[in-house]
Amino acid sequence: MRTAIYPGTFDPITNGHIDIIQRALKLFDKVIITVARNSVKDPLFSEEERLAMIKEAVRHLKGVEVDSFDGLLVSYARRKKATAFVRGLRAISDFEYELQMALMNRKLNEDLVTVFLMPNEKYTYLNSSIVREIARHRGNVSKFVPPHVLRELKKKFAHM
Ligand code: ADP
């Protein structure tokens, strides 16, 4: 059984993330989407909220597990018996950071492979922070996130 880890902040999960998950499922029997705890100082959504939104977003997909982790990603991958990391590449601007991470993870564990997947072009300019900013200013993000995430974003900013 081939298992991959898809790590990220997912604050919140977007259609771009979901696109990558669906592509990863064509390559792996199991994809573990894992929320990096404490990866950012002040997330909009709590870890529990992010996990719940991811679970709802992938409910229709087979072979997906949703989890969270802290500490070293390579140690987590070993515990989960995963052989690969999945990351999304949107633009050249992603490349430098992703290359650094992939090479460092490889130094830490030679057996783990990082796989980069390109999303549908319509998601190449999309990231969670842009979605948060647009939603904060009451812009329409319905094309970028699933309906339940849209509801959670509206709730978050309703009092502002
Ligand atoms: P972001 O804030 O950039 O969305 P995450 O940590 O949640 O960051 O992203 C986790 C992984 O998902 C990263 O590999 C990132 O490149 C990828 N990703 C995020 N958004 C998209 C998107 N719209 N299309 C493809 N990959 C994406």
Side-chain angles (χ1 to χ4, degrees), residues 1-90 94 97-98 101-102 104-105 108-109 111-120 122-124 126-136 141-157:
M1 172 142 127
R2 289 193 174 270
T3 301
I5 308 279
Y6 181 33
T9 310
F10 304 105
D11 187 31
I13 188 166
T14 68
N15 292 341
H17 293 125
I18 296 165
D19 177 295
I20 296 296
I21 294 161
Q22 283 170 328
R23 286 175 206 280
L25 284 170
K26 294 181 182 167
L27 300 173
F28 297 97
D29 305 303
K30 186 166 151 192
V31 175
I32 305 175
I33 308 162
T34 186
V35 171
R37 284 188 212 127
N38 316 318
S39 67
V40 286
K41 263 214 189 106
D42 206 6
L44 176 63
F45 291 102
S46 70
E47 182 190 333
E48 288 69 31
E49 289 172 324
R50 281 179 278 157
L51 287 170
M53 283 186 281
I54 297 170
K55 281 182 188 153
E56 177 66 26
V58 300
R59 221 166 38 144
H60 62 296
L61 298 173
K62 273 207 179 72
V64 176
E65 185 182 315
V66 182
D67 193 15
S68 58
F69 86 106
D70 50 20
L72 267 186
L73 196 53
V74 290
S75 314
Y76 174 80
R78 205 175 300 134
R79 282 204 303 281
K80 289 288 184 178
K81 300 191 172 24
T83 53
F85 297 120
V86 167
R87 298 288 290 174
L89 266 193
R90 287 160 287 194
D94 280 341
Y97 174 71
E98 293 294 342
M101 287 260 294
M104 186 48 82
N105 282 331
L108 295 173
N109 186 340
D111 297 333
L112 286 162
V113 174
T114 301
V115 175
F116 294 107
L117 296 171
M118 268 67 90
N120 187 305
K122 64 185 180 203
Y123 300 134
T124 50
L126 182 59
N127 67 38
S128 299
S129 72
I130 288 178
V131 165
R132 291 195 302 273
E133 275 319 292
I134 299 172
R136 190 190 305 278
V141 292
S142 60
K143 286 201 175 73
F144 310 135
V145 295
H148 67 283
V149 174
L150 189 64
R151 281 198 297 277
E152 294 303 315
L153 280 163
K154 283 186 177 158
K155 259 197 252 166
K156 272 282 174 216
F157 295 120

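In this text, all values refer to a predicted model and were calculated from it rather than measured experimentally.
- Salt bridge status for E47 with R50: absent, with no side-chain N to carboxylate O gap under 4.0 Å.
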side-chain contact (heavy atoms from CB on, under 4.5 Å) between L27 and L117, worked out: CA-CA 11 Å; L27 300 173; L117 296 171; 4.1 Å; yes
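- How far CZ of F45 is from OG1 of T9: 13.5 Å, rounded to the nearest 0.5 Å.
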Full working for side-chain contact (heavy atoms from CB on, under 4.5 Å) between D29 and M1: CA-CA 6 Å; D29 305 303; M1 172 142 127; 3.8 Å; yes
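- Annotation for D11 and R132: closest pair O-NH1, 2.6 Å, computed over non-hydrogen atoms.
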side-chain contact (heavy atoms from CB on, under 4.5 Å) between M53 and V145, worked out: CA-CA 10 Å; M53 283 186 281; V145 295; over 6 Å; no
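- In this structure a side-chain-to-backbone donor-acceptor pair under 3.5 Å is missing from T34 to P7.
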Test log, rule side-chain contact (heavy atoms from CB on, under 4.5 Å), inputs V113 and T83: CA-CA 6 Å; V113 174; T83 53; over 6 Å; no
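- The backbone N or O of M118 lies less than 3.5 Å from a partner atom in the side chain of R23, making a donor-acceptor pair.
- Within 6.0 Å of atom CZ in R2, 12 or fewer heavy atoms from other residues, nucleotides or ligands are found, so the atom counts as exposed in its surroundings.
- Salt bridge D94/R87: absent, no basic N to carboxylate O contact under 4.0 Å.
- If you take CG on N109 and CZ on F85, they are separated by 7.5 Å, rounding to the nearest 0.5 Å.
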